[in-house]
Amino acid sequence: MELTLISPAKINLFLKVLGKRADGFHELSSLFQTVDLCDKLTFQTHHEDSLTCTDSSIPTDNTNLVSKAVILFRKKTGLNALFKIHIEKNIPSQAGLGGGSSNAATTLWALNEMTGKKVTTENLQIWSAEIGSDIPFFFSSGTAYCQGRGEKVTSISAMKSKKLWIVKPQMGLSTPLVYKTLEAPLWDGTEHSWLNDRENYFNDLEKPAFQLNPKLKELKEFLLQKGFSTVLMSGSGSSFFCLGEGEMNYSCFDNHNIFKTNYIRRTEDSWF
Ligand code: C5P
């Protein structure tokens, strides 16, 4: 049996860090949205586990979240099927776009489909939090308010679909380092303004990211000068998304990846 699924990226329309927790993670309040910048994953049952990826810089050993998802699925279900998995990589890494997390969620969904759909989506979502904070989001409708360390997910109704540009500079950022650089955050209730229907784009992780690499601040300012109404870093960076009518001139960005995308969502019983 073979199954091919897309695995979408996410952006954070707002990301508030409420504080540091005793377990070392940060308490978040964030609005996540899937976009149609996607990897493509192919799954086959096989006589042994194997993982390959078109991007040779991505490890395909047991540190890959896809491998972790396979191991988790077998542990939780008691099934012992083996899988050959191939990742066609389009989502840049170290970008704050959730590519690895999305691949892991897609893997859990696929393995469940291929083994008789015995597990509820809700259970897949709960299990997935054991291997990464951002994975449960991908079992939502595609637009969700995420709390806790990101794993407490509340789907919300679709937002008006928007065209957006995503710009990923060559430099990447390490998520743990960005959180480590963050100064003690102060809760100011900001995200409620979004939930009350005011689109208030912000990301508390921009400040530490800009401290780690001041060139990112220059990139944000440059993009704002191009006319976009919103330019915001996604997650822990280093990519930015740009909304509104701006001028995206490829020749300005020799070493940047640029993607034109839209919001996407999934319906309850199907994957993206
Ligand atoms: O859960 P995940 O493995 O994606 O987290 C990667 C790292 O990001 C954590 O080890 C932690 O340093 C940081 N993190 C955090 N607070 C969160 C999510 C991630 O401090 N809510």
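What you see below is based on every heavy atom in this structure, not just the backbone, and it leaves out hydrogens, waters and symmetry mates. Every number for a ligand or one of its atoms is a count from 1 in the order of the listing.
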So does [Y] get a backbone contact from the side chain of [X], meaning a donor-acceptor N/O pair under 3.5 Å?
X	Y	result
Ser7	Cys38	no
Asp49	Phe83	yes
Ser30	Phe14	yes

Q) Among Thr52, Val66, Leu51, which one satisfies side-chain contact (heavy atoms from CB on, under 4.5 Å) with His86? A)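 Among Thr52, Val66, Leu51, the one that satisfies the side-chain contact (heavy atoms from CB on, under 4.5 Å) with His86 is Thr52.
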Q. Taking Leu97 as the fixed residue, which of Ile11, Asp134, Asn12, Val35 is the one that meets the side-chain contact (heavy atoms from CB on, under 4.5 Å) rule?
A.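 The residue from Ile11, Asp134, Asn12, Val35 that satisfies side-chain contact (heavy atoms from CB on, under 4.5 Å) with Leu97 turns out to be Ile11.
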Q: For Lys220, check side-chain hydrogen bond (donor to acceptor under 3.5 Å, both in side chains) against everything at least two apart and list the hits.
A: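 Once residues adjacent in sequence are excluded, the partners of Lys220 under the side-chain hydrogen bond (donor to acceptor under 3.5 Å, both in side chains) criterion are Glu206.
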Filter the ligand 1-protein atom pairs down to N or O on both sides and distance under 3.5 Å, then list them.
| unit_1 | atom_1 | unit_2 | atom_2 | d |
| --- | --- | --- | --- | --- |
| ligand 1 | 1 (O) | Ser133 | N | 2.9 |
| ligand 1 | 1 (O) | Ser133 | OG | 2.5 |
| ligand 1 | 16 (N) | His26 | N | 2.8 |
| ligand 1 | 20 (O) | His26 | N | 3.4 |
| ligand 1 | 20 (O) | His26 | ND1 | 2.8 |
| ligand 1 | 21 (N) | His26 | O | 2.8 |
| ligand 1 | 21 (N) | Arg149 | O | 3.0 |

